[in-house]
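Proteins get letters first, then strands, A, B, ... in listed order; numbering begins at 1 in each. Just so we're clear, the structure is a prediction, and the values are computed from it rather than from any experiment.
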Amino acid sequence: MPEEEPERLISEDGLRLDGRKPDEMRPLKIKAGVLKRADGSAYVELGANRIVAAVYGPRELHPRHKQKPDRAVVRFRYNMAPFSVDERKRPGPDRRSIEISKLSKEALEPAIFTEYYPRTAIDIFVEVLQADAGTRCAGITAASVALADAGIEMRDLVAACAAGKVDGHIVLDPMYYEDGYGEADVPLAMMPKEGEITLLQMDGDMTPEEFKKAVKLAKKGCKIVYKEQRRALKRKYGEE
Amino acid sequence: MPEEEPERLISEDGLRLDGRKPDEMRPLKIKAGVLKRADGSAYVELGANRIVAAVYGPRELHPRHKQKPDRAVVRFRYNMAPFSVDERKRPGPDRRSIEISKLSKEALEPAIFTEYYPRTAIDIFVEVLQADAGTRCAGITAASVALADAGIEMRDLVAACAAGKVDGHIVLDPMYYEDGYGEADVPLAMMPKEGEITLLQMDGDMTPEEFKKAVKLAKKGCKIVYKEQRRALKRKYGEE
Amino acid sequence: MPEEEPERLISEDGLRLDGRKPDEMRPLKIKAGVLKRADGSAYVELGANRIVAAVYGPRELHPRHKQKPDRAVVRFRYNMAPFSVDERKRPGPDRRSIEISKLSKEALEPAIFTEYYPRTAIDIFVEVLQADAGTRCAGITAASVALADAGIEMRDLVAACAAGKVDGHIVLDPMYYEDGYGEADVPLAMMPKEGEITLLQMDGDMTPEEFKKAVKLAKKGCKIVYKEQRRALKRKYGEE
Amino acid sequence: MDQDLLARIKRHEVLEAIKAGERVDGRDFEEFRPIEVQPDVIAKANGSALVRLGNTQLVVGVKLEVGTPYPDSPDEGALAVNAELVPLADPTFEPGPPDENAIELSRVVDRGIRESEMIDMKSLCIEEGEHCWVTFVDIHVLDHDGNLFDASLLGSVTALHRTRVPKAEVVDDEVEVDETELTPLEVRDFPVSVTIALVDEHLLVDPCLDEEVVMDARITVTVTEEGRICAVQKGERGSLPEHLLDDAIDLAVKKAEEIRGVVKAQL
Amino acid sequence: MDQDLLARIKRHEVLEAIKAGERVDGRDFEEFRPIEVQPDVIAKANGSALVRLGNTQLVVGVKLEVGTPYPDSPDEGALAVNAELVPLADPTFEPGPPDENAIELSRVVDRGIRESEMIDMKSLCIEEGEHCWVTFVDIHVLDHDGNLFDASLLGSVTALHRTRVPKAEVVDDEVEVDETELTPLEVRDFPVSVTIALVDEHLLVDPCLDEEVVMDARITVTVTEEGRICAVQKGERGSLPEHLLDDAIDLAVKKAEEIRGVVKAQL
Amino acid sequence: MDQDLLARIKRHEVLEAIKAGERVDGRDFEEFRPIEVQPDVIAKANGSALVRLGNTQLVVGVKLEVGTPYPDSPDEGALAVNAELVPLADPTFEPGPPDENAIELSRVVDRGIRESEMIDMKSLCIEEGEHCWVTFVDIHVLDHDGNLFDASLLGSVTALHRTRVPKAEVVDDEVEVDETELTPLEVRDFPVSVTIALVDEHLLVDPCLDEEVVMDARITVTVTEEGRICAVQKGERGSLPEHLLDDAIDLAVKKAEEIRGVVKAQL
């Protein structure tokens with residue numbers, strides 16, 4: 001949490017603390033295939049977020065009684081490096097990261113043709129090396145590229161982006177201070193081609209109309225992310 | 001523990017703090033079949049104790065190497081809700097509840113025809129929603145009714161009740177203050193029809209004669225409990 | 001750690017705090033076969049160290065997927081009794097004992113004909129009842145005798161002993177104060193017959209030459225230990 | 001095997017009912033099951049409630065303990081919500097620390113309480129930066145027949161509405177608590193969540209367990225007395241078509257109002 | 001398989017012996033195995049003892065640590081008994097936190113020490129409400145051949161009788177400990193437990209492991225020097241016929257007196 | 001099965017190469033893989049570095065936290081080294097608390113830092129006996145292609161060399177930290193470890209993963225700037241012939257000097 005609350009998060013001329021317009025995303029960089037050992041991997045920078053994702057699988061699932069005869073089991077582990085946040089985070093999962101891992105898995109699974117890989121496991125690992133706001137969305141974004149890099153068959157990429165409410169304004173992709181002092185946060189993930197929402201959360205205070213507006217803005221953000229994801233894959237694999 | 005020790009636990013005319021005679025039990029209410037999901041269940045109120053018991057099984061036991069070829073494995077979990085005691089209890093088993101779970105299992109197993117259900121598990125769960133003194137006995141009492149409600153074949157019901165020593169008197173079914181400030185506690189469980197003792201503990205200070213007298217009184221309590229257990233089952237299943 | 005640092009660890013006439021010469025070991029007693037339940041066991045006293053080792057196996061290894069088709073799996077657990085050290089040690093493994101367990105296993109395994117016992121486990125347990133300095137070496141020494149006592153086929157016994165640097169001198173078998181206030185510690189284990197080093201660690205400050213000298217001295221200590229190990233086995237099993 | 005077969009039969013029943021415009025237990029798509037809320041069931045708790053939502057049954061107990069404020073909110077009390085899915089409540093629940101389902105449940109309930117600002121957290125400060133009340137909300141599930149989210153929040157909010165705070169004074173740097181002098185906890189909202197299951201492109205309010213087993217996705221929307229949204233959570237392995245989201249939100253806001261009325265009438 | 005067969009053969013042997021009025025190791029039904037108690041075996045402990053009961057062998061160490069008194073007994077020290085069934089002592093013992101057997105063992109020993117009031121807990125108070133000695137009694141089992149209960153209490157009581165308490169003074173709110181000035185721990189009783197196995201309606205005192213494997217139930221009775229009972233524990237999966245209970249109690253009281261004499265003679 | 005087969009083929013390849021006087025990746029026996037060190041990669045850390053050693057890749061972050069000095073070194077700060085072998089880095093790494101491999105790794109790195117006395121621990125004391133800086137060195141492995149020991153120490157030492165310490169003052173018994181006023185951590189050495197694999201009586205410097213899988217034993221020697229040895233660790237299931245030890249030590253001392261130069265040139 002920022003140590004001192006800024007007086008206002010949106011300036012008189014409608015700009016945000018980091019100079020962005022309300023519907024502007026932070027700089028986004030995506031790179032596919034950054035690790036050698038993993039079957040697929042990706043690296044994402046979104047603002048000051050630094051995130052690595054890796055995919056192992058489809059691979060054998062032990063113990064056997066956890067296998068599904070008709071599909072792959074998708075597993076997801078979101079983890080923060082101890083040095084990724086202001087105060088050192090003790091290693092190991094806490095309640096927040098367990099919830100994020102569950103929701104991220106549920107955000108990616110609708111996109112995967114799990115039925116093509118019966119009895120196997122598809123393991124997705126996301127390591128947050130540095131956290132600004134929006135790590136869960138950036139993690140899903142990275143994981144989705146890593147899945148494609150691993151050659152896992154998918155209906156579509158999953159793109160994720162948050163919207164927020166800050167000083168009464170609906171803004172795209174809240175950064176650290178906005179997340180800490182804003183009025184609401186709406187992370188969203190979707191398969192843009194099919195118009196299917198796969199992650200949606202909100203906490204804070206919004207009228208139903210504000211919430212709908214935020215969802216709309218987050219979807220716009222997802223489309224930007226989607227473009228970058230495809231560009232990253234093209235860079236590695238050439239034209240689609 | 002009561003915050004201030006009462007001056008005397010037995011009045012001059014031989015009555016206890018809650019007005020009971022030495023050989024009198026607290027009000028006891030038993031209800032069979034209170035849960036829908038469990039195979040059998042029961043609810044017990046004994047004084048301010050509020051206890052729910054559930055039975056699942058006989059059911060498949062995993063992992064396989066824990067199965068017994070000639071009998072069912074009985075498992076028992078005694079658990080206190082965090083709000084059941086004066087100071088919030090942290091969730092999860094502590095040493096006390098692990099010991100109670102072990103002894104309660106050993107108190108019930110002699111009554112079950114485990115040999116009728118080879119290779120299975122019979123799982124018994126006792127949740128203490130509010131604890132006065134005597135939860136282990138009330139839990140065994142409830143579990144026994146839940147076992148019957150689940151249709152598990154038994155030699156007899158197991159009835160449980162404690163006796164204690166308070167201000168030098170042997171009393172039946174000690175309540176909270178008596179348990180905290182009394183001289184000894186003797187929880188006992190038995191199969192009344194067969195005269196077999198299945199749980200017996202004591203801690204405190206007693207002569208051998210006092211201990212034998214307490215056992216005798218606890219057995220008397222068990223018979224009262226036994227009657228209520230059968231009445232509860234009759235209410236649910238009609239005349240035996 | 002000693003409460004007050006002694007002024008000097010080596011006196012003017014070259015003797016150590018406990019009167020030993022630099023290349024002298026502490027009194028060493030080894031006894032084979034001290035436990036009834038274990039397949040093999042040994043007891044070692046080295047200075048104030050009191051150590052018991054037991055071996056179980058070769059025995060069945062569960063779960064099955066951990067079995068090795070071509071050899072036995074060797075497992076080692078080094079454990080300190082809570083009362084073995086100045087400040088009570090909380091039961092359970094800490095990072096230090098996990099590292100010692102791993103290195104001790106790797107110190108003994110080269111000596112065992114594991115290929116004679118495919119699909120089995122050989123379990124080695126070392127309990128430190130009282131710790132002076134040098135428990136890891138004394139534990140390996142004891143475990144090696146326990147393995148022989150269990151009838152496990154071995155290339156050679158493994159003998160272990162430390163050297164150290166104290167007040168600039170290279171000394172054999174550092175005791176408590178020397179370990180705490182000395183400049184370096186070099187525990188070593190070897191199969192003396194074959195001249196193979198199976199454990200080697202060092203921490204502190206030494207020139208390469210000092211280190212080599214310490215290794216040489218530790219090897220000399222191992223030979224003394226080796227003699228005692230064989231003597232202990234002879235006492236139990238008669239002439240070889 | 002039998003279990004899988006049973007699941008497939010249930011799935012078939014649920015889907016057949018939906019095709020016929022009905023639900024497997026005879027309810028309308030937008031209909032909650034009967035709600036029964038019984039406050040003050042645990043005398044040892046500072047506040048408590050038993051909730052029955054159809055066959056789903058749970059107890060919530062609130063306990064207050066003296067603790068230390070968080071450094072970033074030195075003048076406020078603390079809140080900790082915990083849900084125990086004890087194995088007594090469902091054959092698939094296992095003993096042990098809370099799994100991902102229990103954690104998600106408790107965190108969604110936590111956000112409903114926290115973000116609605118129903119508790120005046122400043123009223124729980126005893127001495128700034130030194131001592132405060134920590135409010136433990138413990139959800140103890142007894143019988144699981146679906147929709148634990150809504151039942152848990154109903155129980156928690158009711159228990160908090162009935163919570164009484166002991167008098168606490170700081171004497172010589174130590175907190176002295178008088179359990180006999182009690183004042184009601186200051187609460188100023190009554191957030192209610194509405195969970196909607198998506199099955200075969202249909203929105204089913206308050207899913208029972210048979211419906212949860214077959215649902216594609218679930219969305220939980222938590223609504224304040226003023227009709228504002230304070231928490232949303234989509235869950236489960238399926239996705240939510242964009243065109244249904246607005247409908248789900250509107251439906252949730254409408255039902256929240258209704259449910260709040262039903263519960264308040266029982267207090 | 002082999003294991004089961006072995007168990008069945010052992011069971012047969014034990015039962016055959018009993019039918020012939022004997023025990024599998026040749027003892028009388030009411031006879032303890034040889035007891036050997038060796039105090040002061042661990043110099044690093046404040047008190048210690050090694051116990052051999054037949055082939056059963058264990059070490060008990062007592063350590064004193066400065067701690068904080070419990071709020072409900074501000075003028076008393078604290079006691080913590082812990083038993084480690086380390087895997088060195090038996091092929092079935094597994095590494096890890098104490099299981100239900102280790103916990104039952106330590107709690108029965110704890111009750112024997114605590115309820116006999118053998119330790120003057122007030123003598124372990126350093127400063128009321130602030131500082132006290134915490135007495136850790138650690139039971140470390142080395143070789144398990146049955147009846148860990150009685151051997152553990154013998155070792156614990158002996159170690160406590162030999163425990164010396166360092167001088168502790170409060171200087172500037174902090175406790176200063178002088179390990180060189182030691183006074184004996186104030187002990188005023190010598191509780192002894194007697195464990196009796198029920199096999200085929202026979203009462204066998206001090207069961208060895210082969211007997212424990214086949215016993216129906218076990219009863220442990222802890223007796224003070226005055227012949228009073230301070231703890232009782234029935235265990236195991238069988239039941240105890242009512243008519244045998246009084247016999248078992250009388251037998252335990254008698255044997256406790258005898259055993260106490262045997263041990264005291266060695267100190 | 002396939003895994004075993006694959007391992008056997010790899011083993012064969014590695015051994016064939018060695019017989020031919022080569023290594024499986026074409027290096028000389030005494031040759032390190034390319035080293036790339038990138039400092040200051042994590043702005044949230046007090047010091048950090050990314051290390052690439054061939055395909056092995058890891059990040060080390062240093063965080064300083066205010067804590068309490070150890071009683072036996074009241075005028076010094078504290079050091080805690082932790083290595084996380086997260087499952088992202090290798091198909092065999094599993095989530096959960098550090099296993100024996102992660103613990104050995106962190107302890108060898110710890111000894112390299114501690115015994116070289118590269119950090120002036122006294123400079124990390126804030127108030128004697130009361131407050132000090134605790135230096136957390138967290139090694140986060142991203143891609144495991146062998147020789148984590150040397151890469152981890154390189155990253156840790158680099159991160160420590162780049163660590164800046166915030167100003168800390170004691171005001172009214174509490175520590176006030178000013179994150180904006182930073183001074184470099186006082187470091188006075190640059191310890192480097194050299195890990196050598198023993199394969200078939202050959203010494204291979206800086207083993208890659210394929211070599212680690214087949215190696216008999218491993219020896220890690222940590223060397224200070226003055227060419228003194230501050231830590232040694234032999235590991236793995238094989239033994240080290242006496243006559244090779246001195247060669248290994250000399251080789252390590254030589255290579256350490258060289259590697260230190262390579263890294264320093266990048267800072």
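- For E:Asp178, the CG atom counts as densely surrounded, since its 6.0 Å shell holds more than 12 non-hydrogen atoms of other residues, nucleotides or ligands.
- Shown here for C:Phe125 and E:Leu88, the closest heavy-atom pair between the two residues is O-CD1, 3.6 Å.
- Of the two parts of C:Arg77, only the side chain, counted from C-beta on, holds a non-hydrogen atom closer than 4.5 Å to a non-hydrogen atom of chain E.
- Residue C:Phe113 places its CZ atom among more than 12 non-hydrogen atoms of other residues, nucleotides or ligands, all under 6.0 Å distant.
- To the nearest 0.5 angstrom, E:Asp145 atom CG is 4.0 Å from C:Lys36 atom NZ.
- When heavy atoms are compared at a cutoff of 4.5 Å, E:Ala43 approaches chain C by way of both its backbone and its side chain.
- Around atom CD of C:Glu60, no more than 12 heavy atoms belonging to other residues, nucleotides or ligands sit under 6.0 Å away.
- Under a 4.0 Å N-O distance rule, the pair E:Asp90/C:Arg37 qualifies as a salt bridge.
- Heavy-atom contacts from other residues, nucleotides or ligands closer than 6.0 Å to CZ of C:Arg71 number more than 12.
- Heavy atoms of E:Leu209 lying under 4.5 Å from chain C belong exclusively to its side chain.
- The side-chain heavy atoms of E:Glu65 and C:Glu87, taken from C-beta on, include a pair separated by under 4.5 Å.
- The two residues C:Leu35 and E:Gln57 make their nearest non-hydrogen contact at CD2-NE2, 4.2 Å.
- Residues C:Arg59 and E:Pro91 form a side-chain contact, since some pair of their non-hydrogen atoms from C-beta on lies under 4.5 Å apart.
- The contact between E:Asn82 and chain C is made entirely by side chain atoms (from C-beta outward), counting heavy-atom distances below 4.5 Å.
- Put simply, of C:Ala53, C:Pro91, C:Gly92, the one with the most heavy-atom pairs under 4.5 Å next to chain E is C:Pro91.
- Using a 4.5 Å heavy-atom cutoff, the side chains of E:Asn46 and C:Phe83 are not in contact.
- At a heavy-atom cut-off of under 4.5 Å, chain E is reached by C:Glu127, C:Leu129, C:Gln130, C:Ala131 from residues 127-139 of chain C, listed in order of number.
- For NZ of C:Lys21, the number of neighbouring non-hydrogen atoms (other residues, nucleotides, ligands) closer than 6.0 Å is 12 at most.
- Here E:Pro87 is the residue among E:Pro87, E:Ala45, E:Gly61 with the most heavy-atom pairs under 4.5 Å with chain C.
- Only the backbone of C:Val85 comes within contact range of chain E, with heavy atoms under 4.5 Å apart.
- For E:Lys44, the parts sitting under 4.5 Å from any heavy atom of chain C are the backbone and the side chain alike.
- Taking chain C as the reference chain and counting heavy-atom pairs below 4.5 Å, the highest number among E:Asn55, E:Val62, E:Val60 is found for E:Asn55.
- Residue with the most contacts toward chain E among C:Ala38, C:Ser84, C:Pro93, C:Ser41: C:Ser84 (heavy-atom pairs, distance under 4.5 Å).
- Residue E:Glu169 qualifies as open at atom CD: its count of foreign heavy atoms under 6.0 Å is 12 or below.
- The distance from atom NZ of C:Lys89 to atom NZ of E:Lys63, rounded to the nearest 0.5 Å, is 12.5 Å.
- At least one side-chain heavy atom of C:Asn79 sits under 4.5 Å from a side-chain heavy atom of E:His140.
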